[in-house]
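One structure is given below, encoded as structure tokens.
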Amino acid sequence: MSDRGFTTCLWFDGQAEEAAQFYLSVFKDSRPGKVGRYTEAGPGPAGDVLAVEFELNGQKFVALNGGPEFTFNEAVSFQIRCKDQAEVDYYWERLTEGGHGVACGWLKDRYGVSWQVFPEVLLDMVGDEDQEKAARTTRAMLQMVKIDLAALERAYAGE
């Protein structure tokens, strides 16, 4: 198996370059990469953007202008594990610009890509060996669209 990691390819319908620029503006630790263009061999018009490479928080992506045949759905999402509520708020606000919240920290961005934005401590809370704490936290989370860390902490503590 290759030790070079994986690159996630995201399929767009003519929005690859725009989407890559948007994601680069959202993630502070990001880098643009190569832009490939269609040639006269097609299948797109020569000179139009075929694919855009970029990196977000160490994860490699390619945005591909593949056409209208495929669209994003909730079967695949990207998790953003945040250190605190301020970070949750930042990513939530930026990624829902032109998109919308769904439930339990899930959102769809303006391109239809699904993201899960949550404080990393949530995993410890819902996975706690104390089943009552875990259940209270889970019940609180299930009532949320954007995650509210203070409310989760209160539920976890039994308040």
Side-chain angles (χ1 to χ4, degrees), residues 1-13 15-33 51-66 68-159:
M1 179 180 262
S2 172
D3 61 357
R4 299 180 71 192
F6 295 97
T7 300
T8 301
C9 182
L10 302 173
W11 182 293
F12 295 91
D13 182 14
Q15 301 166 308
E17 191 169 33
E18 174 188 318
Q21 290 304 315
F22 172 69
Y23 297 132
L24 289 166
S25 77
V26 171
F27 292 87
K28 296 170 185 159
D29 182 16
S30 63
R31 290 191 302 236
V52 179
E53 296 177 347
F54 58 103
E55 189 174 308
L56 308 175
N57 292 353
Q59 174 62 46
K60 294 177 185 176
F61 290 89
V62 171
L64 172 71
N65 277 329
E69 292 84 5
F70 302 108
T71 58
F72 298 108
N73 66 51
E74 294 79 4
V76 173
S77 63
F78 297 96
Q79 291 186 342
I80 304 174
R81 297 177 183 200
C82 301
K83 65 181 181 223
D84 55 27
Q85 187 67 47
E87 197 170 36
V88 168
D89 294 344
Y90 169 80
Y91 285 113
W92 188 270
E93 297 307 316
R94 292 299 314 276
L95 290 169
T96 56
E97 291 172 8
H100 63 278
V102 178
C104 304
W106 291 62
L107 65 86
K108 276 195 161 198
D109 69 23
R110 65 180 74 174
Y111 304 102
V113 176
S114 292
W115 299 85
Q116 299 174 53
V117 181
F118 61 93
E120 192 163 31
V121 70
L122 174 61
L123 299 175
D124 295 329
M125 296 165 108
V126 299
D128 196 295
E129 290 181 12
D130 182 328
Q131 291 299 296
E132 283 300 313
K133 287 181 175 182
R136 287 192 308 263
T137 305
T138 300
R139 280 192 294 275
M141 178 196 64
L142 290 172
Q143 301 301 311
M144 298 176 184
V145 176
K146 179 176 88 170
I147 297 297
D148 177 344
L149 179 55
L152 291 176
E153 289 170 337
R154 287 191 300 276
Y156 183 76
E159 298 172 7

Practice task
State, with a plain yes or no, whether a side-chain heavy atom of Leu152 is found less than 4.5 Å away from one of Met144.
Solution key: yes

Handout entry: Whether Glu55 side chain and Asp29 backbone form a donor-acceptor pair below 3.5 Å
Key = no

Problem - Asn73 side, atom CG; Lys108 side, atom NZ - distance, nearest 0.5 Å - result: 7.0 Å

Completion exercise
Output for pair (Asp148 CG, Met141 CE), nearest 0.5 Å, gives 13.5 Å

Which pairs would a plain distance check flag for residues 116-127, meaning a side-chain donor or acceptor within less than 3.5 Å of a matching protein atom at least two apart in sequence or in another chain?
residue: Gln116; atom: OE1; partner: Gln79; partner atom: NE2; Å: 3.4
residue: Gln116; atom: NE2; partner: Ser77; partner atom: OG; Å: 2.7

Exercise for the section: Would you mind reporting whether Leu95 and Ile80 have side-chain heavy atoms less than 4.5 Å apart? Expected result: yes

Practice task
Dump the intermediate steps for side chain to side chain contact (heavy atoms under 4.5 Å, CB included) on Val76 and Thr8, then the final yes or no.
Solution key: CA-CA 11 Å; Val76 173; Thr8 301; over 6 Å; no

Practice task
Quick one: pull up CZ in Phe70 and CZ in Phe12 and give me the separation to the nearest 0.5 Å.
Solution key: 15.0 Å

Exercise for the section: Flag the pair Lys28 / Tyr90 as yes when at least one side-chain heavy-atom distance between them is below 4.5 Å, and no otherwise. Expected result: yes

Exercise for the section: Report the distance from atom OG1 of Thr7 to atom CZ of Phe54, rounding to the nearest 0.5 Å. Expected result: 10.5 Å

Practice task
Compare all side-chain heavy atoms of Asp13 with those of Tyr111 and state whether any distance is below 4.5 angstrom.
Solution key: no

Fill in the blank from the handout: Taken to the nearest 0.5 Å, the spacing of Leu107 CG from Arg94 CZ works out to 12.5 Å

Practice task
Check Gln131 against Asp128 and note the closest heavy-atom contact, atom names and distance.
Solution key: NE2-O, 3.6 Å

Exercise for the section: Specify the closest pair of heavy atoms between Val62 and Ala51, including all atoms of both residues, with the distance to one decimal. Expected result: CG1-CB, 3.8 Å

Handout entry: Donor-acceptor pair, side chain of Asn65 and main chain of Ala16, under 3.5 angstrom
Key = yes

Handout entry: Centroid-centroid under 6.0 Å between Phe78 and Phe61 rings
Key = yes

Handout entry: NZ/NE/NH1/NH2 to OD/OE distance under 4.0 Å, Asp89 and Lys146
Key = yes

Completion exercise
Between the CG atom in Leu64 and the CD atom in Glu53, the distance rounded to the nearest 0.5 Å is 11.5 Å

Practice task
Identify which one of Phe72, Tyr23, Tyr91 satisfies the ring pair (Phe, Tyr, Trp, His ring centres under 6.0 Å) criterion when paired with Trp115.
Solution key: Tyr23

Problem - Lys/Arg N to Asp/Glu carboxylate O, Glu97 vs Arg110, below 4.0 Å - result: yes

Exercise for the section: Examine distances only and state if a side-chain atom of Arg139 and a backbone atom of Ala155 form a donor-acceptor pair shorter than 3.5 Å. Expected result: no

Handout entry: By side chain to side chain donor-acceptor pair (under 3.5 Å) - contacts of Thr71 (at least two apart)
Key = none

